[in-house]
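Let me begin by presenting the structure, written as structure tokens, before commenting on it.
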Amino acid sequence: MNPVEPTEVAAPAVDVEIRRLYELHVDDIYRFVARRLGTELAFDVTADTFRTAYERLPDFVVGLGTERGWLYGIASNLIRNHWRTERRRLNALARLSLLPTDFDDSFERVDDLLEGRSRLVHVLDGVAQLAAHDRDLLLLFAWEGCSYNEIATALEIPVGTVRSRLNRIRTILHAHTPHEVSSHE
Amino acid sequence: MNDIELLAAARPGVDDLDADTKARLFATIIDQQASGINERHARLFVEEEVAPVLLVTPHQRRKQHRSLALSAAAACVVAGGILVGVLYKSGIDTPQRITPAASPSTASSTSSTSDSVVVSNLPTTTGVATPSVQYRVGLAIFPAALVERSPEWERLVGRGIEAEIGKCMASKGFRYTPRPDGPIVVLPVIKDADYRSKYGYGDAPSPSTDAAWNTWMLQDNQPGFHAALYGSDPNAQIGGCQDVAYKAIYPPDGIAVSSDNDTYNKAAVSWFAANGVSGKTLENPNPVLAEALKDWSACMATKGVTATNPNALTVPERPAAAPWTAPPAEIALALQDWDCQESTGYINRWYGTLQTLTAQFATSQAVLIDSIHTWQNEVAARATAAIKAAP
């Protein structure tokens, strides 16, 4: 009797699939998390995102949305678990926006820059005040450049709702921005 | 440059992971998966899965998330690593245990803003019809609704927490302006023809926020205020006076959800999955759902629309110039969809199935539900006391 030849055991389909998802999307998901929570937490939250995706992969219906949007949705839920950290980060971003940088542009441009920074503080305050699902939507749109379809998948809402909610968010942000500095909008 | 463009321009830059870190990260994921980690995140997702109809009619259900009133609740819901999903907002004042009525309905038919829906001849999972009942959407359909925290409860508890925070901040020498109440907005669960003719698949407009929020938000510009309120450990989930307030209001340890919720939610997920209503797939659906979907799809086909379920409909793009207004094409589709849902009995069959399952689940979990209600009542009592004690 011949000794049994070692054979390569095929990886379960879910393992193959999760690796494919990982290779394709890990950079996007990591950047998304890091932008919102900082790099210290980004490793863990990114790992949790893909671990959760691993668990839920059998239930993911490909035809109902985009993979990347689905992963953003999982990450968004995990990020909400760290709201306090995110709030700190938004505050820090607002403070940084007040710091002077290179003023090698025209005076007119500098004025615009300063005005923009002043407004940004209020905008970031508005972002911090948004309900969690609105903040997810806004930052997926503004920071991650997600399409409406991806956002719809991530947040499990119709595409039309993404648009209408984004408009409502615009209104909320506008209400937090002093009118005298945003009047040129 | 508008506000969103300004925000986009301020996007923090982040370098990609290097190859070694990527490999380590992937190994971590596999290790975590193999070790069945971890309870904290299991809590996070189970609440979503308790709402198994999401993928079938998401546009009918996500309304619970839209209230600006929830912005206050949302800021409070994360504590100790637990996301308290207040998923089911209805007009109901207090949590109640569902008791299917045995008498015929006396209510009128569905209306655009009503949270009541008449369901007749509800099919059960075994195909045996139950008596006609009237139920209030949001109470009877989902297990989570049985233990839901009403908007009024959330507002009361929010005020209680703010009162406790104010007391704590005063003890540290700060004058704290409590967070103002947001408006309570309740949108209909079922968006019928009247609603759809106005908003399509979108939302009805919500009231805008007011200046009181700005006052609340901007007060942490005071030196030391932020640390006093939130603590000084950037990695802690909660700290400072916020932590003190949570512990004062939420028994036993400041976690903003009953410890029974985990057990409850997991049981609900299992119950629905066992009855052919899975959260994330339409494979092997409950026979009643399968039949309802089939009829709905056939009805839509007669209107020239091909789709297997309402969630699979392709909603026409909205013009970029006016994305907040439903264009005629979207409204037309939404009305066709509604017509088929109504004329084929999809609404009755689908929500009736859910109601039946939920009622059966409620009976089997009565002790657990009572325990959660007891916790909610205790929280409300603590909040009331805190508000009364506030100067």
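Given the structure is predicted, the values throughout are model-derived calculations rather than measurements. In what follows, chains carry the letters A, B, and so on, assigned in the order in which the sequence lines appear, proteins first and then strands, with residues in each chain numbered from 1. Atom set for the values below is all heavy atoms of this structure, side chains included, hydrogens, waters and symmetry mates excluded.
Rounded to the nearest 0.5 angstrom, A:Arg170 CZ and B:Ile4 CD1 are separated by 4.0 Å. We find the CG-OG1 distance between A:Asn149 and B:Thr314 to be 9.0 Å, quoted to the nearest 0.5 Å.
Between the A:Tyr30 side chain and the B:Lys22 main chain, no donor and acceptor come within less than 3.5 Å of each other. Of the possible donor and acceptor atoms, none in the side chain of A:Trp143 sits under 3.5 Å from a partner among the backbone N and O of B:Pro12.
Contact count versus chain B (heavy atoms, under 4.5 Å) is highest, among A:Thr39, A:Thr49, A:Ile169, A:Leu138, for A:Leu138.
Across all their heavy atoms, B:Ala8 and A:Ala142 have their closest contact at CB-O, 3.3 Å. The two atoms that bring A:Asp27 and B:Leu17 nearest to each other are OD1-N, 4.1 Å, heavy atoms only.
For the side-chain hydrogen bond (donor to acceptor under 3.5 Å, both in side chains) test, residues two or more places apart in sequence or in another chain that qualify with A:Tyr72 are A:Arg68. Evaluation of the salt bridge (charged side-chain N to carboxylate O under 4.0 Å, His left out) rule for A:Glu86 yields A:Arg36, A:Arg135 as partners, not counting sequence neighbours.
In this structure, the side chains of A:Phe50 and B:Leu25 stay at 4.5 Å or more apart for every pair of heavy atoms. The side-chain heavy atoms of B:Phe26 and A:Ile18, taken from C-beta on, include a pair separated by under 4.5 Å. Taking the side chain as every heavy atom from C-beta outward, B:Val14 and A:Val33 never approach each other to under 4.5 Å.
Checked for salt-bridge contact, A:Arg31 and B:Asp15 miss the test: no charged N lies under 4.0 Å from a carboxylate O.
Only the side chain of A:Val127 comes within contact range of chain B, with at least one heavy atom under 4.5 Å from a heavy atom of that chain.
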